[in-house]
Amino acid sequence: MTTYDHSTSETKWQSAWANGETFKAGLQGDKKKKAYVLEMFPYPSGRIHMGHVRNYAMGDVIARYRLSNGYDVLHPMGWDAFGMPAENAAMANNTQPKTWTYENIAAMREQMQRLGFALDWDREFATCDPEYYGQQQKIFLEFWKAGLIYRKSSKVNWDPVDHTVLANEQVIDGRGWRSNALVETRELTQWFFKITDYAEDLLDGLDGLDRWPNKVKMMQANWIGRSEGLQFHFAFADDTPCETAENIEVYTTRPDTLFGASFVALAPDHPIVQHLGQSNPELRAFSDKCARLGTSEEALERAEKEGIDTGLRVKHPFIEGKTLPVWTANFVLMSYGTGAIFACPAGDQRDLDFARKYDLPVVAVVCPQDKSPDEAEISETAYTGPGTIINSGFLNGLDVETAISKAIAAIEDAGQGKRTINYRLRDWGVSRQRYWGCPIPAVHCDKCGVVPVKAKDLPIILPDEVSFDQPGNPLERDIDWKTTLCPSCGGDAVRETDTLDTFVDSSWYFARFCSPRDGAPVDLKASKHYLPVDQYIGGVEHAVLHLLYARFFTRAMKDCGLLDIEGREPFAGLFTQGMVTHQTFKNEAGEWLQPDLVERKGEAWFEKGNGKPVVAGAIEKMSKSKLNTVDPKDIIARFGADVARWFVLSDSPPERDVEWTSAGVEGANRLVQRVWTCACATAERTGTKDVGEDLLRLTHKTIKAVGEDVEGFRFNRAIARLYDLLNALRKESENNNTAPIMRIFTQLMAPFAPHLAESCWEKLGGQGLVATAAWPTFDPALCEDEEIMIPVQINGKRRGEFSAPRGLSKDDAEKLALANEGAIRALNGLTVRKVIIVPDRIVNIVAN
RNA sequence: GCCGGUGUGGCGGAAUUGGUAGACGCGCGGGAUUCAAAAUCCCGUUUCCUUUAGGAAGUGUCGGUUCGAUUCCGACCACCGGCACCA
C-alpha cells in the first residue's frame, strides 16, 4: 500500500478522459435525454481564484452526476473576453488588449484543465474571437431590421481632464478615478435595444421558472417594476405661462391622493428646468450640481433631498382656483415615468421630508381604519397604508382602491390624462465609447445617415494594434479603420466607433455553445436539442442584469428566427451560488494590495518587507480589480485538484457567501489519503462474509441521500454523508467482503473527487471509467430503520427516550412514554393533563 | 436611499421544513504507537452549575403565536449583493 500520489493520478486520468472523449457532448449517454449544464463563463483576468474553483466545481458535480445517470451532457467553457480591464492593462503595461486577453485565456485554461473538470473543450470560444462577435454583429443587424434597435441622446459620465467617458465604477465621490477631476455629465447619441417592448413578456415569463430561486424572480420583477397608474397633465396657472411647454406631464400610482398634493416636482434635467435655467442662474447652478452626482441611480438616491422653486405654478385639476408651486428636486428621476411628479407629502416619506424641509403644506388624505379623521394628521411619518379618503372632495369616504379608479375616471373624463401602465425598466443602452468590444456594424454617411453594414461584409474586425497614448476611444483616431464606403450610396463614409456593452456578449453565448463553429449565430437544430440550459450556475450578483438581458435576447432571437427553443426561457434551472469573499487592503497611496503581501501585527496591518502601514478594507467578493484574490495554485500543487475541489464544496452551503480561509485544507487531504488507504485495504481483503446489516442500510441511505443532495445543491451535506459512510466502512470487520460497498462509495464520491475515484475504481476492479459507470441504485426498504428512538418530552423539555419499532400505535407510544424512567422522574408530583403524540417522532406530556 | 439576502459552539456548518439543537468536518485537549518527531489510530469537546447521574441557559436582539419555535408572525441590529458604463 502506497500513499496516494495526486499528480500521477491526475495526469493519468485527465488524459484517459481526453482520449476517450468522455466529456464530449453527443458521444455519451442517451441522445434523447440531454442535460445542458452551464456555469457563468469567466472574465479572463489572468489567474483563476477560489471563487472560480467553487463555481466550476459545483457545475462539475452536476455534470458528472448527470453523465452517470445516462444523460447526453453538454458542459462547455468559454471566455467573456471583452471589457475595460484589457484596456486598462494595455495602458499600464504598454501591451495590446488582444495580446493581454489571449495570454490570460491560455493561462486560465491551463489552470482549469488541471482541475479536471468534465468539460467539452472542443466547444471553447472567447467573445473577442471575430468568429463570435461577427455572429453577434449579424444578430445586431437582424434586431435592427426587426425594429428593436434605435439611437437616442443619453447621458454619460465625462471626465473633462482625460476627455473620456467614465464607467460608474470609475467615478469615485464625483471625481474621475485617474484625473481626480470633477465629473460632468454629457449628452451623446447612443444605441439602444428596445428591451421595454418585452417588459410584459419578461415579467410574465418569471411565473414559469419553477427551478429559479424566488429571490431572483422577485428582484427581476421589482426591476421591471410594472405599475398601473395615471398619466396626466397639469395646466400652467394663467399668471405663470411657460414658453417651452404647454403643460407638465406627470405619472402617479396614487391619483387618490391628488387632493393632498402640495407641489409638483420636476427632475433637475427635465427640459422645462433646463430651459428656465438659461435665464435663471440659481436654477442652472442647481441642475449643474445635480449633474455632478454622475449617472448612477444609487448616487442620486443617496444624495440629500434638495430642491428649488422654479417660480412656475400649475392649476390643481380638481380644485377650481387652486394652484400648486412647481419645484425641481433631486429625488425626481428623469428616467422614470415622465420625469415629473406631483407630491402628496402625507402619503410618501420622501415628499414629506421634502415638504418639512421647505415648509410646504401637508394635508392628510388617507385615514387609517383604526383612527378617526382628526387623528389622521401627519407629523414625521407618512402614511402609505390602506384606509378611508378624507379632505378630498368627491373622493371622501372611499377606500384607496375605489378612489384611485374614480380619480382616474375624473381625469379621463376631463380629457387631462389616462390610465397608464408604466415600467421602471428602461431601454438598454449598449453604446460604449471604447475599443475592446464588439464593433457596432453601422456606417455614418453624410448623404444616407446611419446605415447598417451589409451582412456579407461582416465581421467588422477590430484593428489588432491601437494606441493608448492619448485618452479616449482609439477607434475614433484610427482613420484607416474608420474610413469606409457607404453600403447604401457607395460614397465616402465613416464607421461607427462605439462598441457594444459586454453584457451583449454574454446574452447569447449559451446558445452559441450548442453549435460553436456554425456559420449562423446558432444552428437551429442544435439549439432545439440542447436549449434551454437545464442547470445554470453563477453568482447572485448577476441576478438582475445579466439574466434579464439573456432572457431578452432569447426572446428577441427566437422572434427573429435566429434561435429555436422550446418555450422562451434560456435557463430552465438556475442556481445562484454565494461568493467567495476576502478582506481587501490598500497602502497609504490608496492602491490595492494583495493579501499575501500583507501581515498582521496585533490589531494593525503592515506591508511585508517594508513594514509600511496598510489600511484593511471591507470583506468583499474576490475580484482581480481589488487584488483580494487567492490563487488555488498552491493548494493544487501541494494537495492536488481533488483536495481543492473537495475542500471548496465540503463545508459551506453553496448558496452562502464564504470568507476565504485555507484552514481545513489538510482535513480534505486527510480524507483523500484515508479513502485511498481504505480502497487499497479493501482490494487486498480476502473476507467473503456479507457486510453487516447496519452498513448495508447505511449504504442504501447514503446512495439515496447523496443523489438528493446533489440534485438539491446541498454538496456540503452530501460530503458529510460520504464521511459517515467511509467511517462506517473502516470499522467493518476484516472478515466481511466490503469491496461492493467500497465501489459504491467510490461512485458516490466521483463527482467531487474524480481523479481519486478513478484510481480507487481501478484498484477495486471496476469496469471502465467510474465517470461513465451507471450511478448506483438504492433499495427504499433498506433506507428506513425498523427500530427508532422516540424522545419523551415533559412540557416541551426532553426528559428521556425509548426505542420502538417503526409504526408504533399512539396508545403504545403513550404507555411506553409514561413508563419511561426519565419521564417518571420529571413527572414526580405533577398531574398529566395531555399527551401529544406525533407517530414515529416524539411524545410530549403536558403536566402541572 | 431603494430592491434582495444572510445571522446557530472556538471555526465552517447540520437539523427529515413546527417535533431530541449542534450530524459531518476543522481546531483544541487527552491517550496509543514511536528512541523522538511527522504521519496514523482511539477517546473527549455548546456554556454554566452540581459531578456515577442530573439540572439550568442557549440558534443576532426584543416581543408574540404554539403542548412544542433555529423553523411561523411583528419590531429592531449587524453584515453581504444589486442599483442600468465592473463583469
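Just the heavy atoms: all of them, side chains too, but no hydrogens, waters or symmetry mates, feed the values below. Computed from a predicted model, the values in this text were never measured in an experiment. Throughout, a chain's letter reflects where its sequence line sits, starting with A, and its residues are numbered from 1.
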Consider the side chain of A:N157, meaning its heavy atoms from C-beta on, and name the nucleotide among B:C85, B:C3, B:A23 that approaches it most closely. B:C85

Report yes if a donor N or O on one partner sits less than 3.5 Å from an acceptor N or O on the other, where the partners are the side chain of A:E298 and the base of B:C3; otherwise report no. no

A:K152 to A:F192 six-membered ring, cation-pi geometry met (6.0 Å, 45°): yes

Need to verify one output field. Residue with the more 5' nearest nucleotide on RNA chain B, A:D501 or A:R302? A:R302

Decide yes or no for A:Q170 and A:M84: does some side-chain heavy atom of the first lie under 4.5 Å from some side-chain heavy atom of the second? yes

Distance test, side-chain N/O of A:N727 to OP1/OP2 of B:G25, below 4.0 Å: yes

Rounded to the nearest angstrom, tell me the gap between atom CZ in A:F503 and atom P in B:C83. 7 Å

Kindly state whether the ring of A:F647 and the ring of A:W660 have centres lying under 6.0 angstrom apart. yes

Determine whether any donor atom in the side chain of A:N168 lies under 3.5 Å from an acceptor atom in the base of B:C85, or the reverse, and answer yes or no. no

With heavy atoms under 4.0 Å as the rule, sort A:R833 into base, sugar-phosphate or nothing. nothing

Among B:A84, B:C85, B:G13, find the nucleotide with the atom closest to the side chain of A:V658. B:G13

Touch class at under 4.0 angstrom, heavy-atom based, for A:V165 against every strand present: base

Note, A:T702 side chain near A:L748 side chain (heavy atom, < 4.5 Å): yes

Judged by each residue's nearest nucleotide on RNA chain B, which is more toward the 5′ side, A:I845 or A:K731? A:K731

Below 4.0 angstrom from OP1 or OP2 of B:A57, is there any side-chain N or O of A:K797? yes

By the 4.0 Å heavy-atom rule, please label A:T502 as base, sugar-phosphate, or nothing. sugar-phosphate

For residues A:L500 and A:W191, determine if any side-chain heavy atom of one lies less than 4.5 Å from a side-chain heavy atom of the other. no

Strictly by Watson-Crick or wobble contacts shorter than 3.5 Å, is anything paired with B:C48, and which nucleotide is it? B:G55

Is any side-chain heavy atom of A:V165 closer than 4.5 Å to a side-chain heavy atom of A:L188? yes

When rounded to whole Å, the CZ to C1' distance for the pair A:R798 and B:A56 reads 16 Å

Output yes when at least one side-chain N/O atom of A:R656 is less than 4.0 Å from OP1 or OP2 of B:G13, else no. yes

Classify A:R825 by what it touches in the nucleic acid, base, sugar-phosphate, or nothing, heavy-atom distance under 4.0 Å. sugar-phosphate

Counting heavy atoms from C-beta on, name the nucleotide in B:U16, B:A87, B:C67 closest to the side chain of A:Y43. B:A87

Report yes if a donor N or O on one partner sits less than 3.5 Å from an acceptor N or O on the other, where the partners are the side chain of A:R799 and the base of B:U20; otherwise report no. no

Who does B:A39 pair with, Watson-Crick or G-U, both distances under 3.5 Å? none

Contact class for A:N844 vs. all strands (heavy atom < 4.0 Å): base, sugar-phosphate, or nothing? base

Compare all side-chain heavy atoms of A:T164 with those of A:R178 and state whether any distance is below 4.5 angstrom. no

With sugar-phosphate meaning primed atoms plus P, OP1 and OP2, does A:V838 contact a base, only sugar-phosphate, or nothing at under 4.0 Å between heavy atoms? base

Given the 90°-from-0 boundary between syn and anti, B:G4 should be labelled anti

Separation of B:G54 P from A:E801 CD (nearest whole Å): 11 Å

Length of the OH-P vector between A:Y723 and B:A14, whole Å: 15 Å

On a plain distance test, is the side chain of A:E297 in donor-acceptor contact with the base of B:C83 below 3.5 Å? no

Would you mind classifying the nucleic acid contact of A:H542 as base, sugar-phosphate or nothing, using non-hydrogen atoms under 4.0 angstrom? base

Can you tell me if A:R670 touches the phosphate of B:C24, counting only side-chain N or O atoms and a distance under 4.0 Å to OP1 or OP2? no

Within the structure shown, what part of the strands sits under 4.0 Å from A:E655 by heavy-atom distance: base, sugar-phosphate, or nothing? nothing

Mind checking A:G225 for me? I need base, sugar-phosphate or nothing, with any heavy atom below 4.0 Å counting as a touch. nothing

Figure out the CD/P separation between A:E541 and B:C3, and round it to whole Å. 21 Å

Once you apply a heavy-atom cut-off of 4.0 Å, does A:M40 come out as touching a base, just sugar-phosphate, or nothing? nothing

Report yes if a side-chain nitrogen or oxygen of A:R432 is closer than 4.0 Å to either non-bridging phosphate oxygen (OP1 or OP2) of B:C85; otherwise report no. yes

